[in-house]
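Data block below; observations after.
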Amino acid sequence: MGKDTIADIITSIRNTDMNRKGTVRILSTNITENIVKILLRDGFIESVRKHRAIDKDFLVLTLRYKRNRKGSYKKTILNLKRISRPGLRIYSNYQRIPRILGGMGIVILSTSRGIMTDREARLERIGGEILCYIW
């Protein structure tokens, strides 16, 4: 784990999804908790629980599955892309926030009112730093 916690959680989720594992454990901070709440609310992950190890808190995420017609479960493909990073910050006003797949995906922004999705930022008419794309 490095200094960029957002890139760390995105990489952990992406690696877990590619390895076809069901759960991933990430370090719990205020930023990661807010991002995980958005992922849970929009249906990208199935469940979240807190886990306490020796002196650190962790979030254990269960990735979402799709059910086939035959009754078997298939893992959904989760695509995440980090946009703004410590070496290059990307900001946008509410009118220029990009739409991912015509509104099917979400953009997570860090605004003056907290971390929120692109839809919420457009409704509140505020811009901010574009953290990541999820589709």
Side-chain angles (χ1 to χ4, degrees):
M1 298 257 174
K3 299 279 184 186
D4 191 7
T5 58
I6 298 168
D8 288 341
I9 66 166
I10 288 173
T11 303
S12 298
I13 293 171
R14 188 183 311 122
N15 289 343
T16 302
D17 187 44
M18 285 176 21
N19 289 333
R20 306 286 187 215
K21 299 200 178 193
T23 61
V24 60
R25 189 177 83 160
I26 59 173
L27 192 62
S28 177
T29 63
N30 288 335
I31 294 171
T32 57
E33 286 182 11
N34 289 331
I35 291 174
V36 166
K37 283 179 189 175
I38 290 172
L39 292 174
L40 184 65
R41 186 182 63 217
D42 287 346
F44 289 103
I45 57 176
E46 191 172 320
S47 66
V48 179
R49 64 183 171 89
K50 277 203 167 192
H51 177 71
R52 177 133 177 111
I54 302 166
D55 61 345
K56 294 182 181 181
D57 288 332
F58 292 96
L59 297 174
V60 179
L61 311 177
T62 305
L63 300 181
R64 193 159 188 85
Y65 290 94
K66 269 189 181 174
R67 189 170 195 159
N68 291 339
R69 291 182 185 181
K70 296 177 184 175
S72 63
Y73 288 97
K74 179 180 130 181
K75 178 140 340 239
T76 59
I77 298 172
L78 184 63
N79 294 312
L80 301 108
K81 183 176 182 185
R82 176 81 158 118
I83 302 303
S84 186
R85 50 192 171 90
L88 179 65
R89 303 287 185 184
I90 307 293
Y91 296 95
S92 176
N93 63 8
Y94 76 94
Q95 297 164 334
R96 295 185 187 258
I97 297 172
R99 293 183 190 273
I100 306 302
L101 295 178
M104 295 295 288
I106 61 171
V107 177
I108 296 181
L109 295 119
S110 176
T111 66
S112 59
R113 296 186 190 157
I115 295 177
M116 61 179 63
T117 64
D118 56 337
R119 293 180 198 103
E120 296 168 348
R122 282 190 198 97
L123 285 175
E124 293 189 22
R125 306 188 112 197
I126 56 174
E129 180 183 353
I130 299 175
L131 298 177
C132 60
Y133 297 158
I134 301 169
W135 70 95

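Just the heavy atoms: all of them, side chains too, but no hydrogens, waters or symmetry mates, feed the values below.
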Q: Please lay out, stage by stage, how E124 and T111 fare under the test side chain to side chain contact (heavy atoms under 4.5 Å, CB included).
A: CA-CA 11 Å; E124 293 189 22; T111 66; over 6 Å; no

**Q.** hydrophobic_cluster_shared for I31 and I106, side chain cutoff 4.5 Å
**A.** yes

Q. How far does CZ of R89 sit from CG of L131, to the nearest 0.5 angstrom?
A. 8.5 Å

(Q) I'd like to check I26 versus V36 (side-chain heavy atoms, cut-off strictly below 4.5 Å). Are they in contact? (A) yes

Q: For T32 and L27, indicate whether the former's side chain and the latter's backbone hold a donor-acceptor pair under 3.5 Å.
A: yes

Q | Test applied, side-chain contact (heavy atoms from CB on, under 4.5 Å); reference residue, I13; option that passes from I134, V24, D8 | A | V24

**Q.** Any S28 side-chain heavy atom under 4.5 Å of K50 side chain
**A.** yes

Q. How far apart are the closest heavy atoms of F58 and R25, and which atoms are they?
A. CB-CG, 3.6 Å

Q) Considering residues, nucleotides and ligands other than N19, do more than 12 of their heavy atoms fall under 6.0 Å from its CG? A) yes

Q: Starting at CD of E46, measure out to CG of L61 and round the result to the nearest 0.5 Å.
A: 11.5 Å

Q: Might you confirm whether atom CZ of R96 has over 12 heavy atoms from other residues, nucleotides or ligands at distances under 6.0 Å?
A: no

Q | Shared hydrophobic cluster for I45 and I6 (ILVMFWY, side-chain gaps under 4.5 Å) | A | yes

(Q) Starting from M116, can I reach F44 by hopping between I/L/V/M/F/W/Y residues whose side chains sit under 4.5 Å apart? (A) no

Q. Do you know which two heavy atoms are closest between P98 and Y133, and how far apart they sit?
A. CG-OH, 3.3 Å

Q. Rounded to the nearest 0.5 Å, what separation is found between the CZ atom of R99 and the CZ atom of R119?
A. 9.0 Å

Q: Supply the atom-to-atom distance R85 CZ to E129 CD, rounded to the nearest 0.5 angstrom.
A: 12.0 Å

Q. Is I35 reachable from I38 through a run of hydrophobic residues whose side-chain heavy atoms are each under 4.5 Å from the next?
A. yes

**Q.** CD1-CG distance between I126 and N93, expressed to the nearest 0.5 angstrom
**A.** 12.0 Å

Q) Stepwise, does the side chain to side chain contact (heavy atoms under 4.5 Å, CB included) test hold for R82 with R14? A) CA-CA 11 Å; R82 176 81 158 118; R14 188 183 311 122; 5.7 Å; no

**Q.** Single-linkage hydrophobic cluster, 4.5 Å side-chain cutoff, W135 and I97 together
**A.** yes

Q | Q95 side, atom CD; R125 side, atom CZ - distance, nearest 0.5 Å | A | 7.0 Å

